[in-house]
Amino acid sequence: MSKILLTGGAGYIGSHTAVTLLKEGYDVVIADNLSNSDKQAVSNIEKIAGKSVGFYEIDLCDRDKTFDMFKKENFDAVIHFAGYKAVGESVAKPCMYYRNNIDITLTVLEAMAEYGVKRIIFSSSATVYGPLNPIPYVETMKTGDCTNPYGTTKFMIEKILTDVAAVNPDMSVVLLRYFNPIGADPSGLIGEKPQGIPNNLMPYITQTAKGIREKVTVFGNDYPTVDGSGVRDYIHVVDLAEGHAAALKYAFNNAGVEAINLGSGRGTSVLELINAFERVNNIKVPHVIGPRRDGDIAEFYADATKAKKLLNWETKLSVDDMCRDSWNFEKNQK
Ligand code: NAD
Ligand code: UFG
């Protein structure tokens, strides 16, 4: 069976993708420095899938260690999750974000060239569409104009991968532009564990439901949306993981570069998400309306047609499923 390297595979999206790939029969190797994850995730992946994974605790900026791993393992493909992802922190510490996210990518690409690995799937983001495009976002739209260094790293890495593929016609590069991943594996063993005060909406909701936070602040109710609160395209992380399996299959059969949105194609407002969470889990989430958050836009969601056409993939799980599984994971945390 094919052997797949998951950079950053101990993290939130990588761990769910590892489970999906193991269930589909792939051999999985994770390389992660655990800067935003812990080793427990690796044993939980094995517990859920009933199979073992390879694990390297390495910094992927470390060229020698990364090359040694490639030399030993003979990978058939790479799924590249590793990177820093906090928008606010990237504004405060731009060099740290450019250094880590770009450096890892270059090291991995050079190791792939050295050891003849031809396929890479990259964790990009809807953030590459910037604040100026109309919705829904379509892959053919202009990208760039990102409002923070984190987003710019995604845009830059998409460009780097495209340039490398241009001179390697037998290479396959899939740029997956995720919308807003939430939810968790139904086992409750793996999920999103933000360090400190969460920036994103769903972990804030679950921590408030648990009593760790006092209340959720809804950032603005005067946007031109269905109820005035911000609208996003939430996607269950298990659906997202299956999107990676579909992209991998595509990469094994096609050369070239494709950017593909992974979203549901539907928008949900902040208030709708809070209401769904309260209804599905029969629990109160205290919330108040506050001012808009700097840099936010009113509404965005994916045009999900290309993923359906090219990958034969679409989301299956609902917002209710996301609310149930996010809460199930949070309840399990000590
Ligand atoms: P995560 O932080 O849970 O996982 C990233 C992993 O990369 C972590 O386990 C971290 O320890 C590891 N890592 C970071 N720097 C490393 C280094 N130098 N060497 C080795 N490992 C390193 O994040 P996630 O939510 O699973 O996201 C995965 C990818 O998807 C990221 O690239 C992120 O930018 C992208 N993405 C995430 C979202 C989201 O909302 N979660 C949305 C769009 C795109
Ligand atoms: N929100 C609140 N209160 C909160 C947190 C968020 O009302 O406490 C609102 C935001 O204003 C927004 C919505 O909830 O309307 C979603 O906010 P998130 O912070 O959860 O997600 P974003 O859409 O702002 O950004 C996320 C990632 C980015 C990524 C983008 C697109 O954080 O890195 O999705 O993939 F670029």
Side-chain angles (χ1 to χ4, degrees), residues 6-17 30-38 41-42 56-62 65-66 79-88 90 96-97 99-101 103-105 107-108 122-129 137 146-148 150-151 153-154 157 176-182 190-195 197-205 207-208 213 215-221 223 225 229-235 237 240 244 261-263 267-271 273-274 287-302:
L6 271 53
T7 73
Y12 173 47
I13 302 169
S15 58
H16 288 83
T17 304
I30 289 173
D32 200 305
N33 67 353
L34 305 178
S35 57
N36 196 36
S37 49
D38 58 64
V42 178
Y56 288 79
E57 186 177 337
I58 54 171
D59 186 329
L60 290 154
C61 299
D62 185 323
K65 288 187 180 154
T66 303
I79 308 186
H80 182 28
F81 298 101
Y84 295 150
K85 65 164 183 176
V87 172
S90 80
M96 179 177 142
Y97 270 67
R99 168 65 69 194
N100 192 55
N101 293 3
D103 213 354
I104 305 174
T105 306
T107 308
V108 166
F122 172 58
S123 296
S124 190
S125 166
T127 197
V128 299
Y129 291 109
Y137 292 158
C146 299
T147 52
N148 56 76
Y150 163 72
T153 67
K154 294 297 175 193
I157 294 168
L176 294 179
R177 295 176 180 162
Y178 311 156
F179 281 67
N180 287 53
I182 57 173
I190 52 174
E192 189 175 15
K193 278 201 250 184
Q195 294 174 350
I197 301 172
N199 296 305
N200 298 116
L201 180 60
M202 182 52 97
Y204 215 104
I205 292 176
Q207 293 195 8
T208 303
R213 312 273 157 216
K215 55 182 185 297
V216 176
T217 302
V218 177
F219 295 146
N221 69 344
Y223 284 110
T225 60
S229 64
V231 167
R232 296 290 183 272
D233 184 340
Y234 295 98
I235 171 171
V237 69
L240 189 64
H244 289 77
N261 290 339
L262 293 184
T268 302
S269 76
V270 175
L271 290 169
L273 191 68
I274 293 173
H287 55 280
V288 294
I289 307 296
R292 293 180 177 191
R293 180 171 67 179
D294 271 358
D296 269 356
I297 53 178
E299 179 169 15
F300 65 82
Y301 51 89

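In each ligand, atom 1 is the first atom listed, and ligand 1 is the first ligand listed.
Atoms of ligand 1 lying under 4.0 Å from at least one heavy atom of Gly11, given by number and element, are 3 (O), 4 (O), 9 (O), 26 (O). Less than 4.0 angstrom separates some heavy atom of Leu34 from each of these atoms of ligand 1: 11 (O). Annotation for ligand 1: atoms under 4.0 Å from non-hydrogen atoms of Ser125 are 43 (C), 44 (C). Less than 4.0 angstrom separates some heavy atom of Ile104 from each of these atoms of ligand 1: 15 (N), 16 (C), 17 (C), 18 (N). For ligand 1, the atoms lying closer than 4.0 Å to a non-hydrogen atom of Ser37 are 8 (C), 9 (O), 11 (O). Close approach of ligand 1 to Ser123 is summarised as follows: ligand atoms under 4.0 Å from at least one heavy atom of the residue are 29 (C), 30 (O), 32 (O), 35 (C).
At least one heavy atom of Ser124 sits less than 4.0 Å from an atom of ligand 1. Ligand 1 lies within reach of Lys154, whose nearest heavy atom is under 4.0 Å from it. Taking 4.0 Å as the cut-off, Ile58 counts as a neighbour of ligand 1 on heavy-atom distance.
In Tyr150, the part holding a heavy atom less than 4.0 Å from any atom of ligand 2 is the side chain. Of the heavy atoms in Tyr234, only side-chain atoms (C-beta onward) come closer than 4.0 Å to ligand 2. Residue-level proximity to ligand 2 for Leu201 is carried by backbone and side chain together, each with a heavy atom below 4.0 angstrom.
The N/O atoms of Leu60, backbone and side chain alike, include one that comes under 3.5 Å of an N/O atom in ligand 1. Checked by distance only, ligand 1 and Phe179 stay at 3.5 Å or farther apart across all their nitrogen or oxygen atoms. Looking at Phe81 next to ligand 1, an N or O pair under 3.5 Å apart turns up. Distances between N or O atoms of Val231 and those of ligand 2 include no value under 3.5 Å. Taking any N or O of Asp59, backbone or side chain, at least one lies under 3.5 Å from an N or O belonging to ligand 1.
In terms of protein heavy-atom proximity, atom 3 (O) of ligand 1 is closest to Tyr12 N, 2.9 Å. Considering only non-hydrogen protein atoms, atom 26 (O) of ligand 1 sits nearest to Ile13 N, 2.8 Å. Nearest protein neighbour of atom 5 (C) of ligand 1, counting heavy atoms only, is Gly83 O, 3.9 Å. Looking only at heavy atoms of the protein, atom 40 (O) of ligand 1 is closest to Pro181 CD, 3.3 Å. Among all non-hydrogen protein atoms, the one lying nearest atom 25 (O) of ligand 1 is Lys85 NZ, 2.8 Å. Nearest to atom 2 (O) of ligand 1 among the protein's heavy atoms is Asn36 ND2, 2.7 Å. The closest protein non-hydrogen atom to atom 11 (O) of ligand 1 is Asp32 OD1, 2.7 Å. Scanning the protein for heavy atoms near atom 4 (C) of ligand 2, the closest one is Phe219 CE1, 3.2 Å. Remark: minimum distance from atom 15 (N) of ligand 1 to any protein heavy atom is reached at Asn100 ND2, 3.1 Å.
Side-chain atoms of Arg177 and Tyr129 include a donor-acceptor pair closer than 3.5 Å.
The residue among Glu299, Arg293, Lys85 with a heavy atom at the shortest distance from atom 17 (O) of ligand 2 is Arg293. Atom 18 (P) of ligand 2 has its nearest heavy-atom neighbour, among Asn200, Ile274, Val87, in Asn200. The option with the heavy atom closest to atom 34 (O) of ligand 2, from among Ile182, Val216, Asn180, Asp233, is Asn180. For the residues Asn33, Thr107, Thr7, the heavy atom positioned nearest atom 13 (N) of ligand 1 is part of Asn33. By heavy-atom distance, the residue among Val270, Leu271, Ile289 lying nearest atom 9 (C) of ligand 2 is Val270.
The distance from the CG atom of Leu60 to the CZ atom of Phe81 is 13.0 Å, given to the nearest 0.5 Å.
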